[in-house]
Protein chains: 2
Amino acid sequence: MTGVSAQPSRDAARAEAVDDLIDALRLFTVESDVFVDVFARAHGLGRNDLNAIMWISQGTQSGHPITPGELTSRLGLGAPAITGLVDRLENAGHVRRERDPHDRRKVTIVMQPSALQLAIDFFVPLGRLMHETVADIDADDLRRLTEVVRRMTHAVTVARDATDAPATPSAEG
Amino acid sequence: MTGVSAQPSRDAARAEAVDDLIDALRLFTVESDVFVDVFARAHGLGRNDLNAIMWISQGTQSGHPITPGELTSRLGLGAPAITGLVDRLENAGHVRRERDPHDRRKVTIVMQPSALQLAIDFFVPLGRLMHETVADIDADDLRRLTEVVRRMTHAVTVARDATDAPATPSAEG
DNA sequence: GCCGAATATTTCATTCAGCGAAGGATCTGT
DNA sequence: ACAGATCCTTCGCTGAATGAAATATTCGGC
């Protein structure tokens, strides 16, 4: 299937390099997950609450405020969980609900300053550490890595969709 | 720390490259987190249960079986949560408790075949997708990128420890 | 060899996030 | 205006994680 079978050791070496990269990314994900949890807990929030703030922040700053329904698919939770989540954030003063004037069924979630501050507190120290960590890496290498990570992210979403709906080849609609 | 201040645009470009990389890694983490949750739920487990299986798998295969106490720090949960977690996995037949003969206070957690199968089901399809995704990337590039990801992981753990224990200046030697 | 401190895991009662089912409000098509 | 679909919320419940206390085992002093 490889097309060229005259270089087995080279293929094997590349496969091992890919496996190492996958393992490194997996470890990064696990450690990041723990970090998010620790940070969220230190600020009286849950893991999903903090991730929700990230999405809400991105939505607000891009001029396209997010709705509970979108959060539902972003976080992979059920609708009632999102209601409770937004209740918690609103109760803590981090966000505010607003009715969409065009579609009064929909609710837009707008960030409050404290949520922005929370996002800053989360990102800035970690970002500084990361910048220092790769200070000696060539910029082109960094760009190549970014591209690879984006592709890997795409692979994850594909695998997730395949797991989420494994037995719906063409119907379901 | 830059030493050279005569190339501001080059520094700015590199900083932007780093920021892009950080953003890509963040998105990768978020999507991976959702994927883990979806996969775990599809197999009747929770997020932490699956992550625990990963650590237990690694411990068992490295000939150094993990203990509940180690899982406590690996997953960032409390000790009682680990007891319940191992209870669930043991009840589902995925792991088995064994007392450490040298230190009979300790309990070692050993994998059962079903847990190995679960880990395989999780990794193999995703791994195949990822291998295909980076099929056109040079092996040397991949190795350099892996090193960067490992450093980033280290940065995350440092940031986590700083958040976890922000007021212990002289302790941990 | 025995007693008390320290370590590792478990049990107990409680809290809280998330799910499924049902409900209320609003938009769309006719 | 009415029926159906869509979006969000409320209600009752399951289950995972927590802090405090209990149990079992090892280590140090005498």
Side-chain angles (χ1 to χ4, degrees), chain A residues 33-34 36-53 55-56 59 65-92 94-110 164 172-173, chain B residues 33-34 36-38 40-53 55-56 59 64-92 94-110 164:
Chain A
D33 198 40
V34 174
V36 167
D37 198 48
V38 167
F39 182 90
R41 201 168 303 241
H43 290 261
L45 297 174
R47 224 185 319 211
N48 289 324
D49 302 59
L50 190 56
N51 279 330
I53 284 182
W55 287 114
I56 295 167
I66 203 169
T67 69
E70 282 181 307
L71 267 186
T72 296
S73 54
R74 295 283 192 215
L75 298 183
L77 299 178
I82 301 298
T83 297
L85 191 154
V86 176
D87 279 350
R88 287 195 298 274
L89 294 183
E90 193 171 34
N91 198 14
H94 289 318
V95 304
R96 222 161 59 80
R97 279 181 168 95
E98 272 188 15
R99 286 271 170 211
D100 186 335
H102 296 305
D103 243 337
R104 290 177 49 79
R105 293 171 301 180
K106 290 184 181 176
V107 168
T108 57
I109 308 169
V110 295
D164 209 1
E172 128 183 43
Chain B
D33 198 39
V34 174
V36 168
D37 198 46
V38 167
R41 201 169 302 240
H43 290 260
L45 298 174
R47 224 183 324 210
N48 289 324
D49 301 57
L50 191 57
N51 279 331
I53 284 182
W55 287 114
I56 295 167
H64 185 323
I66 203 170
T67 68
E70 282 182 306
L71 267 185
T72 297
S73 54
R74 295 284 192 213
L75 297 181
L77 299 178
I82 301 298
T83 297
L85 191 154
V86 176
D87 279 350
R88 287 194 298 274
L89 294 183
E90 194 172 33
N91 197 17
H94 290 317
V95 305
R96 222 161 60 81
R97 281 181 167 94
E98 274 188 14
R99 295 223 87 99
D100 186 335
H102 296 305
D103 209 341
R104 291 176 49 78
R105 293 171 300 181
K106 290 184 179 176
V107 168
T108 57
I109 308 169
V110 295
D164 207 2

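Not measured: the values here are computed from a predicted model. Labels below follow one simple rule: chain letters A, B, ... track the order of the sequence lines, proteins then strands, and each chain is numbered from 1.
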Could you check how far CG of A:Leu71 sits from P of C:dA17, rounded to whole Å? 16 Å

Spacing between A:Asp87 atom CG and D:dC8 atom P, to the nearest angstrom: 13 Å

Among B:Leu45, B:Val38, B:Asp37, find the residue that satisfies the side-chain contact (heavy atoms from CB on, under 4.5 Å) test when tested with B:Arg41. B:Asp37

Rounded distance (Å) that lies between atom C1' of D:dT9 and atom CZ of A:Arg88: 15 Å

For A:Arg99, which contact category applies under a 4.0 Å heavy-atom criterion: base, sugar-phosphate, or nothing? nothing

Using the rule side-chain contact (heavy atoms from CB on, under 4.5 Å), only one of B:Thr72, B:Asn48, B:Leu71 pairs with B:Leu77; which is it? B:Asn48

In terms of side-chain heavy atoms of B:Lys106, which of C:dG18, C:dT9, D:dA17 is nearest? C:dT9

Rounded to the Å, how far apart are B:Leu89 CG and C:dT10 C1'? 16 Å

For residues B:Pro65 and B:Ile109, report the shortest heavy-atom separation together with the two atoms involved. CB-O, 4.1 Å

Is there a residue in residues 40-48 of chain A whose heavy atoms reach under 4.0 Å of DNA chain D, and which residues are they? A:Arg41

Find which nucleotide of DNA chain C each of A:Pro101 and A:Leu85 is nearest to by heavy atoms, and output the residue with the more 5' nucleotide. A:Leu85

Rounded to whole Å, the CD-P distance (A:Glu98 to D:dC8) equals 14 Å

Do B:Thr67 and B:Glu70 pass the side-chain contact (heavy atoms from CB on, under 4.5 Å) test, and can you show the C-alpha distance, the side-chain angles, and the key distance before you say yes or no? CA-CA 5 Å; B:Thr67 68; B:Glu70 282 182 306; 3.7 Å; yes

Phosphate OP1/OP2 of C:dT11 contacted by B:Thr83 side-chain N/O (<4.0 Å): no

Side-chain contact test, heavy atoms from C-beta onward, threshold under 4.5 Å: evaluate it for A:Leu85 versus A:Leu75 and give yes or no. yes

Ignoring hydrogens and angles, answer whether the base of D:dT6 and the side-chain atoms of A:Arg105 contain a donor-acceptor pair closer than 3.5 Å. yes

Let's see if you can work this out: which of C:dG18, C:dG20, C:dT10 has an atom nearest to the side-chain heavy atoms of B:Arg97? C:dT10

Can you tell me if B:Thr108 uses its side chain to pair, donor with acceptor, with the backbone of B:Glu98 under 3.5 Å? yes

Would you classify B:Ala81 as touching base, sugar-phosphate or nothing, given that sugar-phosphate means primed atoms plus P, OP1 and OP2, and contacts are heavy atoms under 4.0 Å? base

In whole Å, I'd like the distance from the CG atom of B:Leu77 to the P atom of C:dT10. 14 Å

Name the nucleic acid region contacted by B:Gly84, choosing base, sugar-phosphate or nothing; use a 4.0 angstrom heavy-atom cut-off, strictly under. nothing

In this structure, how many angstroms lie between the P atom of C:dT26 and the CG atom of A:Asp100, rounded? 13 Å

When you measure from the side-chain N and O atoms of A:Arg104 to the phosphate of C:dA25, is any distance below 4.0 Å, counting only OP1 and OP2? no

What's the CD1-C1' distance between B:Ile109 and C:dT9, to the nearest Å? 11 Å

Rounded distance (nearest 0.5 Å) linking atom CG of B:Asn51 with atom CD1 of B:Ile56: 10.5 Å

Describe the nucleic acid contact of A:Pro80 in one word from base, sugar-phosphate, nothing, applying a heavy-atom distance below 4.0 Å. base

Is the backbone N or O of A:Arg105 less than 3.5 Å from a side-chain atom of A:Asp103, with the two atoms forming a donor-acceptor pair by type? no

